[in-house]
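Structure, as structure tokens:
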Amino acid sequence: MKRLSRLALAAALMLALAVPVSAQVSDGVVKIGVLNDMSGVYSDLCGPGSVEAVKMAVEDFGGKVLGKPIEVVSADHQNKADIGANVANKWIDVDKVDVIVDLPNTAVCLAVQKICQDKNRINLISTGASVILTNKNCSPTGFHWTYDNYALGKGTGTAMVKEGGDTWFFLTADYAFGHDLEKSTAEAVTKSGGTVKGSVRHPFPCNDFSSFLLQAQASKAKVIGLANAGGDTINAVKQAAEFGIVQAGQRLAGLLVFISDIHSLGLKTAQGLVVTTGFYWDQNDETRAWSKKWSARMNGRMPTMAQAGCYSATMHYLKAVQAAGSDEAKAVAKKMREIPVNDFFAKNGKVREDGRMVHDMLLAQVKKPEDSKYAWDYYKILRVIPGDEAYKPISETECPYLLEKK
Amino acid sequence: MFELIGIPPQALFGQMLLGLINGAFYAVLSLGLALIFGLLNVINFTHGAQYMLGAYVAWLLLNFLGINYWLALVLAPVVVGAFGILLERLMLRKLYHLDHLYGLLLTFGLALIIEGVFRNLYGISGQSYPVPPVLTGGYNLGFMFLPLYRGWVVFVSLVVCLGTWLVIEKTKLGSYLRAGTENPTLVQAFGINVPRMITLTYGFGVGLAALAGVLAAPIYQVKPTMGADMIIVVFAVVVIGGMGSIMGSVVTGFMLGLLEGLTKVFYPEASNTVIFVVMAVVLLIKPAGLFGKAS
């Protein structure tokens with residue numbers, strides 16, 4: 001009996017040891033789940049366009065990694081953290097998804113990143129904005145790709161102060177994201193020698209900004225910072241034009257603006273807006289070539305930075321799987337940090353220990369209608385902000401597992 | 001200079017005026033709702049979608065047929081109103097003998113479908129509709145800059161509200177309508193075609209929603225969710241004013257716009273909620289609404 005149990009134990013041990021060696025790719029397939037807002041306020045700037053970008057990455061990679069097929073699935077989290085968490089759990093437990101991509105909405109990001117960390121899966125955040133995702137709430141297997149509130153606030157805030165816009169008033173969406181964006185921009189403004197004259201928190205979402213704009217006007221601040229996103233930013237910019245705020249000498253700073261917002265606003269209304277972006281489709285030949293390919297599959301629209309970021313993140317993940325020789329999350333995460341990111345989206349981008357992908361950001365100004373020569377010709381690039389300057393330095397990290405290491 | 005709780009009077013006047021402008025939208029929309037509820041006893045949940053349709057029809061007319069704002073102001077309500085009449089004939093009519101709830105469910109479902117279709121066709125960020133050239137610019141009133149277009153919105157709303165009220169209270173047609181509301185069977189016995197009157201009333205109410213949509217197009221983005229954002233507030237307005245009370249809904253619309261405007265100055269965080277707080281209080285004290293008749 002004793003012998004038998006020993007034998008069984010040995011067999012079990014062998015089996016346990018044997019599994020990781022023979023099955024480098026778990027379940028014989030690498031499954032990518034794109035989880036984002038497919039129908040709500042953010043669906044134009046990520047949504048189905050992100051899924052298409054991820055599919056393009058898979059096609060460009062050859063459709064197979066380590067000889068195993070790559071599959072793409074997608075779902076709508078409806079901007080609800082509980083739905084996002086349910087999908088992530090089901091994907092990982094039942095559908096054997098290896099990596100979750102895109103993730104707009106910080107609340108959903110937080111929930112899904114935690115699940116991925118606990119269940120040892122990779123998550124690649126492209127649309128999510130908050131700095132905490134690679135800071136206080138960082139994860140060893142979580143990555144933040146395209147931009148974050150720190151880079152946006154710092155890029156636009158510093159540039160505007162330099163140009164003489166040294167007094168600010170904020171219109172802030174009254175939820176975690178807005179507060180975070182206001183805070184990081186206000187820090188950048190004060191650091192560069194400017195002052196913040198005040199702020200007003202508007203409900204989210206908000207249709208009528210006239211009242212808040214009037215308060216901003218009364219503050220006599222030189223710059224009105226819009227710490228909101230999507231439809232809120234669109235309405236605020238549109239109504240600022242209506243109330244003659246820009247003509248009267250105040251300037252608007254859109255802190256999180258996607259090119260889809262500009263398209264929706266039209267150049268007549270949006271002209272002059274200074275924005276920080278992680279990507280612009282018309283920056284060089286490489287970006288144009290990729291964007292046109294994407295555009296052909298998306299009814300002639302042009303990709304936002306979030307959608308382009310999804311491609312880049314997915315491509316990098318697949319390269320890391322190839323290099324690691326396995327789709328086991330920790331091994332892949334290690335390789336993702338080792339390999340530099342070099343594609344149309346980022347040049348010499350590097351993935352930091354805290355999961356932040358550091359790459360150059362662009363400071364852009366929205367063109368006047370007469371300067372726009374063809375469809376989607378919207379931005380004039382004012383400056384390339386080097387990655388190390390744009391993102392929060394790792395020396396200021398509050399990331400728990402990095403602090404433990406120290 | 002005197003100040004009121006830390007707010008200079010200029011700012012206060014400005015905010016009150018803005019409140020009235022928003023109130024104008026509430027008034028036109030709730031007028032249509034009240035009219036429909038008064039005569040049809042249907043809680044028209046598609047009202048928001050019909051408001052959105054009005055804006056989209058104007059946008060489509062401009063972009064595909066080159067028809068300008070002024071014509072759209074007439075055409076869009078007619079088109080959407082006709083669509084409403086179709087809806088009433090084909091669907092709503094079959095539900096009159098049932099509980100209110102069925103009408104509500106039907107219109108709610110239709111609203112979701114219409115919104116979904118437009119979301120699918122045009123995406124979520126919406127389209128921009130330019131302010132008509134004659135109405136661009138504005139006046140400096142000293143205490144604030146009043147965009148000409150917003151002034152126009154208030155003017156049109158007042159005319160429409162007053163006109164509707166006059167028709168209903170002072171004309172023969174209005175008396176038929178009122179009688180029809182009280183006792184349709186009796187009115188029919190006098191040889192008046194009540195079903196047709198009901199259909200036309202629904203069409204008119206829907207047309208009002210579309211008119212508000214066209215008025216809103218140059219101010220807000222023309223987008224599929226614009227009605228859903230508005231409809232809840234407008235329902236609150238109708239409930240506060242008293243279901244089915246024409247004057248009540250108009251006055252309450254303007255009043256609540258004003259109240260909301262002031263909240264945006266004193267405590268902006270509550271500006272989305274204040275109308276519902278008022279609704280709760282009114283329902284507790286006067287369940288039939290401020291202008292409603294207790295049944």
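Order of the sequence lines fixes the chain letters, A, B, ..., with proteins taken first and strands second; residue numbering starts at 1 for each chain. What you see below is based on every heavy atom in this structure, not just the backbone, and it leaves out hydrogens, waters and symmetry mates.
Applying the 6.0 Å contact sphere to OH of B:Y139 captures no more than 12 heavy atoms from other residues, nucleotides or ligands. Within a 6.0 Å radius of OH in A:Y175, more than 12 heavy atoms belonging to other residues, nucleotides or ligands are found. For B:L71, the CG atom sits in a packed shell: over 12 heavy atoms of surrounding residues, nucleotides or ligands are nearer than 6.0 Å. Summarising the local packing, CZ of B:F108 is surrounded by 12 or fewer heavy atoms from other residues, nucleotides or ligands at distances under 6.0 Å.
For the residue pair B:K223 and A:G231, the shortest heavy atom distance occurs at NZ-CA, 4.5 Å. In terms of heavy atoms, A:F243 sits closest to B:F145 at O-CD2, 3.2 Å.
Using a 4.5 Å cut-off between heavy atoms, B:P130 makes no contact with chain A at all. Only the side chain of A:Q239 comes within less than 4.5 Å of a heavy atom of chain B; its backbone N, CA, C and O stay farther away. For a residue to count as touching a neighbouring chain, one of its non-hydrogen atoms must lie under 4.5 Å from one of that chain's; by this rule B:N272 touches chain A with backbone and side chain alike. For chain B, the nearby part of A:N235 is the side chain; its heavy atoms alone come within less than 4.5 Å. Interface remark: B:Y129 contributes backbone atoms only to the contact with chain A (heavy atom separation under 4.5 Å). When heavy atoms are compared at a cutoff of 4.5 Å, B:I219 approaches chain A by way of both its backbone and its side chain.
Side-chain contact of A:S264 with B:Q221: a donor-acceptor pair under 3.5 Å is present, judged by distance alone.
Remark: the backbone N or O of A:L265 is paired with a side-chain donor or acceptor of B:S128 at under 3.5 angstrom. A side-chain donor-acceptor contact under 3.5 Å links A:Q215 to the backbone of B:K264.
Of the listed residues (A:A241, A:G266, A:A218, A:S210), the one with the most heavy-atom contacts under 4.5 Å to chain B is A:S210. The candidate with the highest count of non-hydrogen atom pairs below 4.5 Å against chain B, out of A:I245, A:N299, A:I234, is A:I234.
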| said: Run B:F25 and A:D208 through side chain to side chain contact (heavy atoms under 4.5 Å, CB included) and show every step you take. | reply: CA-CA 12 Å; B:F25 281 110; A:D208 188 63; over 6 Å; no
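Atoms CZ and CG, from A:F209 and B:L18 in turn, are 13.5 Å apart once rounded to the nearest 0.5 Å.
Using a 4.5 Å heavy-atom cutoff, the side chains of A:K238 and B:Y220 are not in contact. Within the 4.5 Å cutoff, the side chain of B:P147 has heavy atoms near those of the A:E242 side chain.
For a heavy-atom cut-off of 4.5 Å, chain B lies close to A:S39, A:G40, A:V41, A:S43, A:D44 in residues 34-47 of chain A.
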